[in-house]
Each structure stands twice: as structure tokens, then as C-alpha cells.
Undergrad: 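My questions will all concern the structure given below.
Every chain is numbered from 1, with letters handed out A, B, ... down the list of sequences.
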Amino acid sequence: MPKRTLVTAALPYANGPIHIGHLAGVYVPADMYVRYKRLKGEEILFICGSDEHGVPITISADKEKVTPKAIVDRYHELNKKSFERLGISFDYYGRTSSEEHRKVSQEFFLHLLENGFIDTKEEPQLYDEEAKMFLPDRYVEGTCPVCSNPDARGDQCDNCGTYLNQTELINPRSKVSGSKPVVRPTKHWYFKLSAFQKDLENFIESYAGKWRDTVVQQARSWLKSGLQDRPITRDLDWGVPVPLEGAAGKVLYVWFDAPIGYVTATKEHLPDNWQYWWAEDKDLEWLCFLGKDNIVFHTIMFPAMQMGYNKDGSFTYRLTTNVPANEFMNLEGRKLSKSRGWTIEPHEILDRYDADIIRYTIACNLPESKDSDFSWKDLQAHTNNELADILGNYANRTLTFVKNNFDGKVPDAASDEQYLNSIGEAAKEIGSLYEKCRLREATAATFDIIRSANKYFNDHEPWKLIKSNRDDAAKVLRTCLEVLRAVSTYIAPILPNTSDRINGMLSIPAGKITWDNAHLALLTGHAPLGEIKVLFPKLENEQIEAELTRMQEMATKAEQQTAPVVSNAKITIDDFKKIKLKTAKVLEAEAVPKSKKLLKLQVAVGDERRQIVAGIAEKYTPESIVGKTIVIVANLESAKLMGIESQGMLLAVNDDKGVVSLITSEKESSDGLEVR
RNA sequence: GGCGGGGUAGCUCAGUUGGUUAGAGCGUCGGAAUCAUAAUCCGUAGGUCGUGGGUUCAAAUCCCUCCCCCGCUACCA
């Protein structure tokens, strides 16, 4: 069988639009790789699709009072469209809510069950008697047992950050009916991940030194900690139903069914031939493009699932042969965050910007070895200084020169083979960078070729030759045109639209030229060229400023929406009198172990001694606070923070970066005095 | 808190089996040229390689401390 490569890109979660971070981490690099391979004439299949199950989607649906299907339909279509507009050239873009995916996932589950890698466990879980359903973590709210926040979620308390088990919540309430849920035993299915410890260690070590270091290290880190069996079912009605008797209301956990989506999509695309891309075969490679948050699922979880499936020998899945995971891309120096309004979504900006300039800016800043940054000024700089000035201007000066001096026809002259061959050599180097998934370097090296072409034009001064020796000028321009044609191939993985546009101006049909023959002289003398168009108009400062302003506005708006509602209602003096503020002298202070922010203080309030736990450790050391006279709220209900009782609260000036300064009394005053 | 990754020129990033004056692109400054979207080409300046220590004849590179950023994770390696 011929050597072939399956490329998958992590399935975007259909609970929102993809953003520029996804593009940089996964889809642009995957697409560049795939397009390169196609130009090499290699057999390749590029698979992706929407990941459409899981609790966050049902929560969004509840919030909007629509069905989960309505949510995933919306974002599936939106994202699919965005990918098309960006030229991400999937061979097939599936979705995990499809009927085929249900079948494939259930078959996978049953096969693992038969092979003995799935267990069941009974465990207590909260059940909503009114809604008649078990409640997944996030469907329960209640009082946090650690910090007493009344609105902690079943999986985590947003106030103190503690991860919780839903049964730990005090006064739990169902988000579905509002009623108080009861604890009931429920059965869940577990994948025996622990059984694959040894096999996975061998698997990962066999790729040590070949895969990116960060990927191997991350996987090792998981293995070192010892693998635990993981639950693969949840009580939910949105997802792939567990195909067993007595499993009503149980669906497969999204982490289990999502990677199977790669198989499903292949099957839907090639119903009769999908095994060609999935059956173990030394000539078949499988590359998983994904972001760093996804490494564990593709190096540990899914390989283990495949190993379990393969055990009986009826079908042997190809395990991944490379996981070129990327780090994250920040935006204007800050982390991307949809909830903070700090994001760029392709469907928003593709009306204003050529997809290729976005692809190029991303390609120049791929977060291959560490987090990188996307900024509008950077987009402007790359567009104006490189795309317009180096590539666009090279095309323009060459074509215009031919138009003005050679009647707009390819000069009928021999080209400079030595120079063309040197370009062919450079392209070989670039090819090996693509093979190694060093795509940012490949991008830079590609533009070095175009820089050399500008230099060639300069050095040979055809504008002088045309007056003294027309034949020599013809040779130079013929060469420059051939180089432009070659360049249109070399840029195709990065700038597919631009490549087509250049081919159009050269009047050559796309498709006949390969990566390996692109440097050969392939034009025909006297062939007329097409209409010359400017490839990249420059981006003006005003336009970039407008984008920055727009982003600030979005962020401000998001902040206002999420900011806690501060009541503007006036309070009476009597209300204020309810709060007893007193001075207190700090006698002792120590850091609370295992906490970042907390200090445990012993304070004197008059004759009384109190213990107060305060979140000021990031700004104050225990030593620096001992002896200070501070202000506390003396009649606050006591609370437990990290299991330590706190009898009161101290006052301090806060800003968004945390506590800035304690409120102390200006003059030395004794403790226990009232503050008014 | 634990684990993993990162902290190198104004900006975005390369660079570790330790070894001559630490690299690239962009930006800066100067020059050449004028075919071209004033676009190109050549040259210049600019870094105590996060901090503090250690190993070594020699450290951006190896070891240790600490600080900062990112991801994963949560009675836990």
C-alpha cells in the first residue's frame, strides 16, 4: 500500500464560535501541513467536525430556553462556514450528534465491554425527585462547605476556587426544578484506564525524541502519577445513550465519545473504505493537531481506548503517530476570554479582512514552542511590510514590467536555471520543515525566497538592460516570472487564495504544478498574461485603531455584564449602625498552609481575643502585619475558610489586583474602640 | 499545593550532546537605486540570554534557590 497520512484537527466544541486561538493552535497549522502534503502528491485525508455533546451545551440550551440541538446546529453551521471562508480544507467536517456517530460510539463501547475494559460502580449522587433525574455536577448549586458561598456549583466553588463533590454541598438545590435533591445510589460505567499503564508507557517512550518535547513530557507526567479508572457515563439525556439494558438516562461522557468522532467522520466520508485510514499499517501515519489542553486525551485516553479495542484482534486501530500540539495564542498580550469579551472570532472579521492576511499573521506567530501573541498592529505590520511590500510588490513590479516592455506576454527567452535551481533547493529545505511540523520556520523560509527574488530583480537591473540589451532583459524577466510562478506554489499552504490569484495573473491553470517541480521553467513563451491586480492593499492606521477601540468596547461591555450588581439604594443610618466596626491589634499571624492568599491572625479587641482568617497573604507577610492596629467587622457571622474558623473580617482597600492596603488608624490607637 | 512548559535585542521569536565576537524577521538609523503598492536592495546600532548562587579551563545551554507568565490537576505523583 502507498504511504499515506491521516490528519485530524481537534473537534471544536459546538457551544460557541471558534476564535483566533483555535485557528493558531490547531486549524491553520493543520491546514498548512495538509496543503503541503497534497502539493507533494501524497495521499492524505483531513478530518474534523463539531464536538456536540456534554453538559456545557445543555446548560447553554437551558439558559436560552432552546434545545441542545438548536445550540449545536447553530455553532456547527457557523464554525463550518468560518472554516470554509478561511480556506481550512477539510476533506470532511462531521458532527458528533449524527446517527452514525451514535452507532460508532456504541459499538466502541460494547467492544471495550466485551474485551473486559469497562466496569460498573455504584455511587451516591444527587437526584431531583421533581424532575425525576440524576443531576450532573453543574446542575446543582448550594452552599460551599469551605467558604460558605451560597452559590457554589456542584463541581467547583467560584468564590474560593475549591473543587467540590456535589454531595459535599450544604443545602443543595437543583438548577432544574429548584427543589432540594436527595442522595441516591446510581450506577456508572468506568473505563479501566489503569490496565493500560504499562502499554501506554511503552507507547509514549517509543516516540520520545520524535514528538515534541512538551507533548512527551505532558504524557509522562500523567503516567508518572499512576492512571486511574475513569467514569465514562453521565446522567444526562443529551449524548450517546449507553446501549445496555437498565441504562436508561445514561449517556457516554463527552471525553469518551468525542475522539471517536474522528472515526465516525471518516466512516461518513468513506463508508466503504474507511478502514484504509484506520487499520494499523506501517504505511499509515496519523497526525493529531490540537492545543496543549488536549494532549492528555490524545496521548493517554484515546490510545488506551484503542488498545482496549484492539485486544481481541478483530480490528486493529492505528494509534496516533504524532501529536504536534501547540501552545496558546494570546490576544494583545492578554489571555483570550470569551466571557471577558477579549476575543477575535473569524466570522466577525472575515467581512473586513482577507482570510489570507489572517492566515499569514497566524503562521508567523504559531505558538509551536510557547504561548504567542496576536495583535492588530502586528497584523498591520505583517500585511504591509511583508505581504504587500515583499510579495505583493514583487508580483506587481514583475508583471507591470512585462506588461510595459513585453506587450504583456511571457518573454520568449531562456531562464536563469542556476537561480531557479537554487530556489528548488530552498524549497526542499522548506519541505523538510513542513515534514517536521516546524511551520513557523517554514513560513519565514518561504518569504526568504521572495526576498531573494526581489534582490535578483534589483541586482540585474532590467530597467537598464531594456535600454541596452533587450535579450538580456527578456531573460531576467522570464526568470522573474518563473520565480513568481514557483512562489505561487510555495505560498499555497499558507496563502491559498493569493496563490490562486497569482496563477490567475500568470494565466496558468492551478493544479498541474507540484511542490517538487515548481522551480522548473514551466511557462510558455509569448503566452499572454492576465490582468494585473494589487494583491494586498495596505492597512491604514485608522483601521487598526478602530479595531483596537472595538475590542476595548467589547471588553468593557462584557465587564459591565459580568460585574456584580452593586445596589445604588441608599441605606439609613440605622442600617449602618448594624455593622460594628472595631479596632483590633494583631498579636500573631501565620500563613495558612496550602493556601495562596490566607493568613491566620490572632487579634485583640479590647479584652477579647479573636481569630480572623484574611485573604491578604499576597501583599502582607505575617511578620509585617503583627503589631498593627487594624479595623475589623466585629459582628460578622463567623465562617470557616479552608477549615479554619474566622471570627470577623478585616477591612482593606481592594482593587482588581487584590488587596492593596489595610485600613489602619492614622494615629496610634488602642484596640477594641468603635469605628464610626 | 503538585506536575509540565516558558521567561534571549524596541516587538515577535530561533538557538542546549556546554566552546571562538549569542542569531532571524520586523521596527530604528544611514546609504544605493528608481522597474514597482515611496514598494526594493545594502549597511548600522541595539541584548549583564528572569533573579541569586553552584559545577567547569569554559554556561543562554548542566545543578540548586527565588520571582513572573501559561496549561494540566486536586487530600494528590
Side-chain angles (χ1 to χ4, degrees), chain A residues 21 25 155-156 161-165 209 212-228 291-297 299-300 325-330 333-336 361-362 364-375 377-406 433 438 440-441 443-448 450-467 473 476-477 480 532-539 591-598 642-643:
Chain A
D155 56 344
Q156 184 181 7
T162 311
Y163 288 81
L164 301 168
N165 192 317
R212 286 188 185 159
D213 224 34
T214 52
V215 175
V216 173
Q217 294 290 18
Q218 191 86 292
R220 278 178 181 159
S221 165
W222 270 81
L223 290 167
K224 209 170 86 188
S225 64
L227 299 175
Q228 306 289 321
K292 63 177 164 181
D293 53 336
N294 232 326
I295 290 173
V296 62
F297 293 104
T299 56
I300 305 284
N326 284 313
E327 307 293 303
F328 286 171
M329 178 173 260
N330 293 323
R334 283 168 54 187
K335 229 195 300 186
L336 278 149
T361 305
I362 287 174
C364 290
N365 293 307
L366 289 175
E368 288 174 349
S369 57
K370 62 182 166 191
D371 290 355
S372 68
D373 194 54
F374 179 97
S375 74
K377 285 219 160 64
D378 193 55
L379 175 89
Q380 182 190 29
H382 280 298
T383 301
N384 292 355
N385 304 335
E386 293 167 23
L387 291 176
D389 291 353
I390 295 177
L391 173 57
N393 182 53
Y394 177 72
N396 190 252
R397 75 198 295 202
T398 302
L399 292 165
T400 305
F401 198 96
V402 172
K403 180 185 169 195
N404 292 341
N405 297 288
F406 296 95
L433 291 171
R438 290 161 69 162
R440 196 178 46 202
E441 278 179 77
T443 303
T446 302
F447 268 67
D448 282 342
I450 309 168
R451 288 189 186 91
S452 87
N454 271 315
K455 179 169 165 55
Y456 187 89
F457 201 111
N458 269 42
D459 290 350
H460 290 80
E461 302 182 313
W463 57 92
K464 285 185 186 163
L465 287 178
I466 196 70
K467 291 170 191 155
V476 170
L477 263 297
C480 287
I532 302 170
K533 287 182 188 149
V534 167
L535 287 173
F536 300 99
K538 300 244 181 153
L539 298 179
V592 174
K594 294 202 170 193
S595 82
K596 261 190 207 168
K597 294 182 178 171
L598 298 184
M642 301 278 294

Undergrad: At under 4.0 Å between heavy atoms, what does A/D213 touch on the DNA or RNA strands: base, sugar-phosphate, or nothing?
TA: nothing
Undergrad: Could you measure between the two P atoms, the one in B/rG4 and the one in B/rU40, and give it in whole Å?
TA: 46 Å
Undergrad: Determine the interatomic distance between P on B/rG52 and the same-named atom on B/rG27; round to the nearest Å.
TA: 34 Å
Undergrad: Please state how far atom CG in A/D373 lies from atom C1' in B/rG7, giving the value in whole angstrom units.
TA: 15 Å
Undergrad: Which nucleotide, if any, forms a Watson-Crick or G-U wobble pair with B/rU51, using both distances under 3.5 Å?
TA: none
Undergrad: Send over the distance from A/I362 CD1 to B/rC13 P, rounded to a whole Å.
TA: 14 Å
Undergrad: With a non-hydrogen cut-off below 4.0 angstrom, is A/G392 in contact with a base, only sugar-phosphate, or nothing?
TA: base
Undergrad: Looking at A/N365, is its backbone amide N or carbonyl O close enough to the side chain of A/S372 to form a donor-acceptor pair, meaning the two atoms are under 3.5 Å apart?
TA: yes
Undergrad: Out of B/rU12, B/rG5, B/rC3, which nucleotide sits closest to the side chain of A/N365?
TA: B/rU12
Undergrad: Please determine, for the side chain of A/A388, which listed nucleotide (B/rU37, B/rC41, B/rG6) has the closest atom?
TA: B/rU37
Undergrad: Considering Watson-Crick and G-U wobble pairs with both distances under 3.5 Å, what does B/rA24 pair with?
TA: B/rU12
Undergrad: Looking only at atom P, what distance separates B/rC72 and B/rC29, rounded to whole Å?
TA: 43 Å
Undergrad: Sequence neighbours excluded, which residues qualify as side-chain contact (heavy atoms from CB on, under 4.5 Å) partners of A/N385?
TA: A/A381, A/D389
Undergrad: Only counting residues at least two apart or in another chain, list the ones meeting salt bridge (charged side-chain N to carboxylate O under 4.0 Å, His left out) with A/K455.
TA: A/D459
Undergrad: Closest to the A/N396 side chain: B/rU37, B/rC35, B/rC13?
TA: B/rU37
Undergrad: Exactly one of A/K292, A/R212, A/E368 should register a side chain to side chain donor-acceptor pair (under 3.5 Å) with A/N326. Which one does?
TA: A/R212
Undergrad: Quantified in whole Å, what is the P atom distance between nucleotide B/rU20 and nucleotide B/rU34?
TA: 43 Å
Undergrad: In whole angstrom, give me the gap between the C1' atoms of B/rA60 and B/rU73.
TA: 31 Å
Undergrad: Is the closest side-chain heavy-atom distance between A/Y456 and A/Y394 below 4.5 Å?
TA: no
Undergrad: Measure from CZ on A/R220 to P on B/rG4 and round the result to the nearest Å.
TA: 11 Å
Undergrad: Rounded to whole angstroms, how far apart are CZ on A/R397 and C1' on B/rU37?
TA: 12 Å
Undergrad: Could I get the full list of salt bridge (charged side-chain N to carboxylate O under 4.0 Å, His left out) partners for A/E441, not counting sequence neighbours?
TA: A/R438
Undergrad: What distance, rounded to whole Å, do you find between the two P atoms, one in B/rU16 and one in B/rU55?
TA: 26 Å
Undergrad: Give the rounded distance in Å between these two atoms: CG of A/L387 and P of B/rU37.
TA: 17 Å
Undergrad: Between the protein and nucleotides 23-30 of chain B, which nitrogen or oxygen pairs are less than 3.5 angstrom apart?
TA:
| from | atom 1 | to | atom 2 | distance (Å) |
| --- | --- | --- | --- | --- |
| B/rG25 | O3' | A/R451 | NH2 | 3.2 |
| B/rG25 | O2' | A/E386 | OE2 | 3.4 |
| B/rC26 | O3' | A/N385 | ND2 | 3.1 |
| B/rG27 | OP1 | A/N385 | ND2 | 3.4 |

Undergrad: Please enumerate all protein N or O atoms sitting under 3.5 Å from an N or O of nucleotides 70-72 of chain B, with distances to 0.1 Å.
TA:
| from | atom 1 | to | atom 2 | distance (Å) |
| --- | --- | --- | --- | --- |
| B/rC70 | O2' | A/K292 | NZ | 2.7 |
| B/rC70 | O2' | A/D371 | OD2 | 2.8 |
| B/rG71 | OP1 | A/K335 | NZ | 3.3 |

Undergrad: Take atom P in B/rA33 and the same atom in B/rG18, then report the distance between them in whole Å.
TA: 50 Å
Undergrad: Could you identify the nucleotide paired to B/rG18, looking across every strand shown and requiring Watson-Crick or G-U wobble geometry with both distances under 3.5 Å?
TA: none
Undergrad: Holding to side-chain contact (heavy atoms from CB on, under 4.5 Å), I want the full list of residues that pass it with A/S452, two or more places apart in sequence or in another chain.
TA: A/Y419
Undergrad: Which residues pass the side-chain contact (heavy atoms from CB on, under 4.5 Å) test with A/V534, not counting sequence neighbours?
TA: none
Undergrad: Only counting residues at least two apart or in another chain, list the ones meeting side-chain contact (heavy atoms from CB on, under 4.5 Å) with A/N330.
TA: A/K335, A/D371, A/D373
Undergrad: Distance between the P atoms of B/rA24 and B/rC63, in whole angstroms?
TA: 29 Å
Undergrad: Taking A/T400 for its side chain and A/N396 for its backbone only, find out whether a donor-acceptor pair lies under 3.5 Å.
TA: yes
Undergrad: Return the set of residues passing ring pair (Phe, Tyr, Trp, His ring centres under 6.0 Å) with A/F447 (not counting sequence neighbours), or none when no residue passes.
TA: A/Y360
Undergrad: Sequence neighbours left out, what passes salt bridge (charged side-chain N to carboxylate O under 4.0 Å, His left out) with A/R334? Give chain and number order.
TA: none
Undergrad: B/rC72 pairs with which nucleotide, Watson-Crick or G-U wobble, both distances below 3.5 Å?
TA: B/rG2
Undergrad: Tell me every residue that passes salt bridge (charged side-chain N to carboxylate O under 4.0 Å, His left out) with A/K464, counting only those two or more places apart in sequence or in another chain.
TA: A/E461
Undergrad: Between P on B/rU37 and CG on A/L391, what's the gap in Å once rounded to a whole number?
TA: 15 Å
Undergrad: At 4.0 Å (heavy atoms only), tell me whether A/R440 reaches a base, stays on the sugar-phosphate, or touches nothing.
TA: sugar-phosphate
Undergrad: Counting only Watson-Crick or G-U wobble pairs whose two distances fall under 3.5 Å, which nucleotide matches B/rA38?
TA: none
Undergrad: Pairs under 3.5 angstrom, nitrogen or oxygen only, protein versus nucleotides 31-34 of chain B, please.
TA:
none

Undergrad: Using a cut-off of 4.0 Å on non-hydrogen atoms, how would the nucleic acid contact of A/L535 be classed: base, sugar-phosphate, or nothing?
TA: base
